[in-house]
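First comes the structure, then the notes that go with it.
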2 protein chains.
Amino acid sequence: MVTISDIAAALGVTPSTVSRALSGSPRVKEETRIAVERMAAELGYERNIVASNLRKGRSDIVGIIVPRIHREFFSNVIGGAESILEAAGYCVLICQTHERFEAEVKALRTLRNNQVAGVLLSHAIGSDNGDHIREALGDRIPLVQFDRVFSDLPGAKVVSNNFEGAYAATKHLVEQGYRRIGTLAGYMNSEAYVARLEGYRQALRDCGREVDESVVFIDTIVPETGHEACLKALDAGCDALYSAGDFSALGAIEAARSRGLRIPADFGIVGTANESFTALMTPSMSSLALNPFEMGRQAARAFLSGEEGTIVVPMELKVRESSSRMHQQNQT
Amino acid sequence: MVTISDIAAALGVTPSTVSRALSGSPRVKEETRIAVERMAAELGYERNIVASNLRKGRSDIVGIIVPRIHREFFSNVIGGAESILEAAGYCVLICQTHERFEAEVKALRTLRNNQVAGVLLSHAIGSDNGDHIREALGDRIPLVQFDRVFSDLPGAKVVSNNFEGAYAATKHLVEQGYRRIGTLAGYMNSEAYVARLEGYRQALRDCGREVDESVVFIDTIVPETGHEACLKALDAGCDALYSAGDFSALGAIEAARSRGLRIPADFGIVGTANESFTALMTPSMSSLALNPFEMGRQAARAFLSGEEGTIVVPMELKVRESSSRMHQQNQT
DNA sequence: AGGAATAATACAAACGTTTGTACAAAGTTC
DNA sequence: GAACTTTGTACAAACGTTTGTATTATTCCT
């Protein structure tokens, strides 16, 4: 491996001059800089990033911690973040938590020990506060949270307008003429789900419906729990559900069908996340779309700019067959 | 930050002893090791990985280069690899190429400059040979290729049994009574697609059909190109297609429907990759399933073991509605 | 031209770890 | 008990870069 010392020796200057020349310091003469650059190219020099990082105390790596990389939402966030960070000269280190608190702690430690320049994080369901995050990162490593955020942590946050989105989805179900609308609410230690639940409640109130907590089903996130909760909802007289996730909605649809109900005539549902299968299944599933790619981009930009605010990325209600009782044709 | 020197000072030993104690060298007394470990814990010491990497000349980072992280196949490979590597104490640096040669070169350089311990790679469509890979990695950084491999490069390779899989898929279409079976063959600079095409051809021959190259459509990989190619295939009298990708198959189904054909009665299709939407759409799409998670695991294991062979991960034909003309009920 | 101000470079110390070699103390052998 | 091995530590250099300070060369002014 050729080092700056090799270049320095070849040119009869010192390594420090070479270093400054290569990093464009104004303290080296234009002429010298050109000579250094030419020699570097000739010798095939490439900066040893590890040594550079050691000296500078930080790296050009940005860590991203997500529950599961193969979830469509998260892989798109990562894709969006990467597109910005890569252009800014950073690279991306991915860690998965599999929704487990311990894995999140370990990932944070790994990133800190690698002296990452920053961390983009969507916390595990298993974490119910951000103390471990604050402790692991200290105040030297900037943090940007996205989607699932702890609002008491410092740093930028990128979220969807969950309240407004769930509000719109619920109102849509009301407008479609469904009588009794329950919700599959997800995990209550995530503020995103809490906000969606609030949006659901507010929409019902604003439409003159009463909010019946007996048809609010929490901890529903996978098809199995969605299925189970839907059966209870049907028993409680529901003819529609707003689901805070698409996978639980999938389970709910199965459940409704197992009772012989027609969708959307007898039973309506709107999911959340706009997973790609929602548009392709039959009946196609209405879903409250997140914008993961844009969230990733915003998170990366927030890291780069160092600004601390909360960025809201709007959601969009995709009305499809599963909730279109009134022959609306605004299918997406 | 507390360093080994701090520990050494606190204990009245030297940093070298602390270093050896912490890495479990037999050259330090059990007693000393315990004292060091206790003091390290007390002071909250954590090894500076960057410094360690610099000294050792390599890091505990494994780079993974994929065309697109948000493609289900690749994100699952990454998930599989990560599950093995994480347990072995490595972490994972992800780079995307977006199918572009230049981006692949840049990613390789980034990884090399970060002194990664190894690289797992599925090359971009835009790369038609592996010279840049060999050059970038030299013989110091081990390479494991998966899915899309250049067979002339050294190092382990993890592939699907593309030939046998495509053979089975094509034979299945024959057995379902389709008369004229074309193929959407994908990109011919990827050996995986070449092998699938060969499997398709061999199956037809073995079934006593003649291979008609005019219904072999290459460079079909997205819905749009699949759609277009399918129209041509229909014009050429095809009543079935084996598609080397699911997305092109999706476009093909649209195309067949646009001609008023019923699926699978008038037109049959089998895709490849078993993307999650294939099972959920209507009619559900038969697909030749890859096993990306397992491929990722195998690639990671190959890196860890350092063995050089080719590992074949079997594909599985998922027969669903889009090719089930004969009332077979082996739906998955 | 002599001195001050400025520009360009050299020097040297870090960053925190690992590891080859040297060294001292303890244990073994005859 | 002297010579020799074994065991445990200390010493010091190295990994390649960055950066504060010192030094030399150049320019500018009166």
In whole Å, what is the span from the NZ atom of Lys29(B) to the P atom of dA25(C)?
13 Å
Could you state the atom-to-atom distance from CG of Leu11(B) to P of dT9(D) in whole Å?
10 Å
Between Arg148(B) and Glu99(B), is the closest basic N to carboxylate O distance under 4.0 Å?
yes
Looking at Glu37(A) and Arg33(A), is there a salt bridge between them, counting it only when a charged N and a carboxylate O are closer than 4.0 Å?
yes
Bend angle of the helix from dA1(C)-dT30(D) to dC30(C)-dG1(D), end axes from five pairs each (to 10°)
50°
Kindly determine whether His132(A) and Phe101(A) satisfy ring-ring contact (aromatic ring centres under 6.0 Å, His included), including the steps that lead there.
CA-CA 9 Å; His132(A) 59 301; Phe101(A) 173 78; 4.8 Å; yes
Begin from the C-alpha positions of Ser25(A) and Ser23(A) and carry the test side chain to side chain donor-acceptor pair (under 3.5 Å) through to its verdict.
CA-CA 6 Å; Ser25(A) 160; Ser23(A) 57; 5.9 Å; no
Please report the shortest heavy-atom distance between [X] and [Y], naming the atom on each side.
| X | Y | result |
| --- | --- | --- |
| Glu308(B) | Gly155(B) | OE1-N, 3.2 Å |
| Ser5(A) | Pro15(A) | OG-CG, 3.9 Å |
| Asn189(A) | Ser127(A) | ND2-O, 4.0 Å |

Quick tally for nucleotides 11-18 of chain C: nucleotides whose base has a protein heavy atom under 4.0 Å get B, sugar-phosphate-only ones S, the rest -, giving BBBBBBBB
Touch check for Val50(B), heavy atoms < 4.0 angstrom, all strands: base, sugar-phosphate only, or nothing?
nothing
Any chance you could measure Cys91(A), atom SG, to Leu85(A), atom CG, to the nearest 0.5 Å?
9.5 Å
Can you check whether any acceptor in the base of dT21(D) is under 3.5 Å from a donor in the side chain of Arg27(A), or vice versa?
yes
